[in-house]
Amino acid sequence: GRDLIPKQIVPLQCPWAGTWQGRVALQGQGVTPDRARGKLDADVRVAGFQAAAGEPSTDGHLRVTAHWADQLLEVQQLQTAAGGTTVQAAGQVHWGQRTLTGEATVVSGHLAELGRLFDVTLPDSNATVKVRGQGPWQWPAGHLELRAGDLAEGVAVGVDPAAVGLAVPL
């Protein structure tokens with residue numbers, strides 16, 4: 001077997017290197033969760049992005065739209081891409097009811113690059129992970145789908161989404 005438990009998370013350097021360009025619009029009012037209202041719309045691109053020292057630089061993109069009202073944070077769209085990996089996500093967190101609903105898809109053509117960020121040795125393969133979750137913060141229910149290829153010569157992994165259900169206490 002292979003130990004896939006992260007030994008450490010590579011410290012991110014700050015400020016992040018690269019040439020940044022984009023638009024961020026944030027507007028709102030109120031400071032307490034029950035009275036605050038606001039929205040965020042951001043579209044940012046970076047060239048020569050380097051999040052951790054010693055890692056190769058890459059180009060990236062972040063797009064997010066979200067709003068907060070009546071104790072509900074809704075992320076309508078979160079999309080990011082960098083270094084051959086894309087993430088798409090959307091969801092809601094209800095502060096007063098302490099519930100969440102969301103889904104995310106991560107597609108990577110270079111798992112080895114992602115593994116280096118967590119000090120985990122992974123093959124230079126590809127994978128798609130889809131996650132959906134909902135329920136109370138203390139006991140959300142989730143659904144996970146994993147597809148991976150090129151793990152080794154002639155080896156692929158697929159997890160039947162109907163066969164996997166997750167319920168993890170937080």
Inset, instruction - Evaluate whether atom CZ of Arg63 has more than 12 neighbouring non-hydrogen atoms of other residues, nucleotides or ligands under 6.0 angstrom away. - result: yes
Legend entry - Note: Arg37-Asp70 ion pair, threshold 4.0 Å (strictly below): yes
Inset, instruction - Report the C-alpha separation of Val93 and Trp137 in whole Å, then their side-chain angles, then the decisive distance to 0.1 Å, and conclude whether the side-chain contact (heavy atoms from CB on, under 4.5 Å) test is met. - result: CA-CA 9 Å; Val93 176; Trp137 294 358; 3.7 Å; yes
Inset, instruction - Please assess Asp59 against Val46 for the test side-chain contact (heavy atoms from CB on, under 4.5 Å), listing each intermediate value before the final yes or no. - result: CA-CA 6 Å; Asp59 295 341; Val46 61; over 6 Å; no
Inset, instruction - Would you mind reporting whether Lys39 and Gln27 have side-chain heavy atoms less than 4.5 Å apart? - result: yes
Legend entry - Student check: side-chain heavy atoms of Gln92 and Leu72 closer than 4.5 Å: yes
Legend entry - Distance-only donor-acceptor check, side chains His67 and Gln76, under 3.5 Å: yes
Inset, instruction - Give the minimum heavy-atom separation between Leu111 and Asp124, together with the two atoms involved. - result: N-OD1, 4.3 Å
Legend entry - CZ-OG1 distance between Arg45 and Thr19, expressed to the nearest 0.5 angstrom: 14.0 Å
Inset, instruction - Report the residue from Val129, Val87, Asn126, Thr86 that forms a side-chain contact (heavy atoms from CB on, under 4.5 Å) with Val107. - result: Thr86
Inset, instruction - Over all heavy atoms of both residues, which pair between Ala42 and Val24 is shortest? Give the atoms and the distance, please. - result: CB-CG2, 4.0 Å
Legend entry - Connected via hydrophobic side-chain network under 4.5 Å: Leu62 and Val106: no
Inset, instruction - Go through the steps to decide whether Gln71 and His94 satisfy the test side-chain contact (heavy atoms from CB on, under 4.5 Å), and finish with yes or no. - result: CA-CA 6 Å; Gln71 299 187 17; His94 196 289; 4.3 Å; yes
Inset, instruction - State, with a plain yes or no, whether a side-chain heavy atom of Glu145 is found less than 4.5 Å away from one of Arg147. - result: yes
Legend entry - Note, Asp43 side chain near His61 side chain (heavy atom, < 4.5 Å): yes
Inset, instruction - Kindly indicate, with the supporting measurements, whether the criterion side-chain contact (heavy atoms from CB on, under 4.5 Å) is fulfilled by Thr128 and Leu146. - result: CA-CA 6 Å; Thr128 299; Leu146 166 67; over 6 Å; no
Inset, instruction - Look up atom CH2 in Trp68 and atom CG in Leu73, then write down how far apart they are to the nearest 0.5 Å. - result: 6.0 Å
